[in-house]
S.K.: 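Just dropping this structure here.
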Amino acid sequence: MSSEARMNKTSYIKRFSYAASDTAGQLVFCVISFYILKFYTDVYGIPVAIAGTILLFARFTDALDAPIWGIVFDKTRSRWGKSRPWFLWLCFPFAAFGVLTFLTPQLGNSVKTFVVPFTSLHINYTNNALYAAVTYIVCSVLYTGINTPVTSILSALTPDPRERVTLTCFRMFGSKLGVLFVNLTAMKLVQFFGQGDDRKGFMIVMPFYATGTVLLYLFAFRNLEEVVHEKKQSLPLADSFRAIKRNWPWIIIFVSSLMFWIAFIARVSVAPYFFEYTLGRKDLVPTAFALDFISLVTAFGLPFFCRWTSKRNVWIFGLLGMVIGQLIEYFGIQNNLSVPWIMFGWAFGFLASGMAMAMPFSVLSDSVDYGEWKTGIRAAGFLTAIGAAFCLKAGAGLGGALPAWIMDAHGYVANVSQTAASLHGIEIAFIWLPALGFGLAILPVLFYKKYELLEPRIHAELDARRAQVSK
């Protein structure tokens, strides 16, 4: 190992603190991502079409809040740096709205219609749905605010691209640990405390997760010192948008990530319906979600895989593996609803997701470097807010709304035996919608290698520029 590599290597306390920053978010957001649609329809009693509309409408707010947050991050000046202080400032509000999102006040469930001014658009809603929409949207906005720094701080923790891959592996470990913990405990705790009343169960359980969220964010805040500093200048608004112009690596990441998250969230959102109504095995839901943890096998293999072949190839292998997983599940459905085959395909998809999910987070920092090299503008907050947080949340919304609409179109009714038509709708949303999304996510990645080959030149020239400025 060269002296420069040793100097850029991060400590284990920093690595585990970076992992903790994503565990913290998952303790609340994993419950939302995996269970919110089922919670709305089968616990809160919101019609499935309206629930899907809530998830989609929340994504319109992301079109505004993601770039706004990014601009705020790039203008942040504090004694703790640009990204780090947001863990301290937003952990309490985010945790609070995570709890409020899973409360079920009975404000009225009769359907009303709102006509959008100056249009002929009619939106159906209920008072319960309105409460759900407001709490979900605010929680989602706060999640952008606290999750984006987890990505944007990466380029400030070390200038070494390989060390960034290592840190990304630790982040994935933290993320999957949070997902595993939630999926092994959430519904069991809801059942234990609710004693058959899931509304009461969620009301009691969510504050426990929210407390863990706050403590872990504070731990990350304490230890994640920013060591890569940029010029202390206020970034004009126009420059933030200029950082995207002709930044083709970032555009590739954005398009592929958006498709991936739509597919991934659709897959996990429909899973509870599939296991309960299609397989008749509701008991398998916690086990199925806990299998997400095996994605760490491939996530922790990223440094080795990226030495063995290109980042582009690793990324493609991950996405292709998820398509294959969906096809294996379909094979199981066609073979008399074979539980072993379905679970094998489900697990195979999660195994591949370790690569497919981690690579965009790793290369996003490289796209920030590319933008700085190309334009002289380093807009880490803006690029990561849209390239990571927006894609995740837009995927969460569309990945929840599209299956809900598909199921509604096929006649889904909560908490009753489903018709053949509604079971077919669940199958489409569970198998083919995710398969299509993962397949589309591969297409832009095919063009990434050209920019990956530029990385050594980009880092050398940026180092030279920064050395010149520091003189």
S.K.: What residues, two or more places apart in sequence or in another chain, satisfy side-chain hydrogen bond (donor to acceptor under 3.5 Å, both in side chains) together with W86?
M.R.: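 For W86, the residues satisfying side-chain hydrogen bond (donor to acceptor under 3.5 Å, both in side chains) (neighbours in sequence not counted) are T76.
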
S.K.: Are D366 and K311 ion-paired here, with the side-chain N under 4.0 Å from a carboxylate O?
M.R.: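 Salt bridge: yes.
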
S.K.: Taking all atoms of both residues into account, what is the closest heavy-atom pair of W69 and T144, and its distance?
M.R.: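 Heavy atoms only, the tightest pair is CD1-CG2, 3.5 Å.
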
S.K.: For F350, does the six-membered ring have the charged nitrogen or CZ of R267 within the cation-pi criterion, i.e. under 6.0 angstrom from the centroid and within 45° of the normal?
M.R.: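 Pair R267/F350 counts as cation-pi.
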
S.K.: Quick check: Y35 with F39 (ring centres under 6.0 Å apart)?
M.R.: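 When the ring centroids of F39 and Y35 are compared, they turn out to be at least 6.0 Å apart.
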
S.K.: Can you list everything that forms a side-chain hydrogen bond (donor to acceptor under 3.5 Å, both in side chains) with T41? Sequence neighbours excluded, please.
M.R.: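 For T41, the residues satisfying side-chain hydrogen bond (donor to acceptor under 3.5 Å, both in side chains) (neighbours in sequence not counted) are Y273.
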
S.K.: With a 4.0 Å cut-off on N to O distance, would you call K38 and D198 a salt bridge?
M.R.: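 A salt bridge is absent here (no side-chain N lies under 4.0 Å from a carboxylate O).
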
S.K.: Apply the test ring pair (Phe, Tyr, Trp, His ring centres under 6.0 Å) to residues W248 and Y370: give CA-CA distance (whole Å), side-chain angles for both, the deciding distance (0.1 Å), then the verdict.
M.R.: CA-CA 9 Å; W248 293 110; Y370 181 92; 9.6 Å; no

S.K.: Given the ring of Y18, does R15 sit roughly above its face, with NZ or CZ under 6.0 Å from the centre of the six-membered ring and within 45° of the axis?
M.R.: no

S.K.: Which atom pair, heavy atoms only, marks the closest approach of P149 to F87?
M.R.: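 Distance-wise, the nearest heavy atoms are CB-CE2, 4.0 Å.
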
S.K.: Hey, can you tell me if F289 and W346 have their rings parallel, tilted or perpendicular (30° and 60° cut-offs)?
M.R.: tilted

S.K.: Please determine whether a side-chain nitrogen of the Lys or Arg among R281 and D283 lies less than 4.0 Å from a carboxylate oxygen of the Asp or Glu.
M.R.: yes

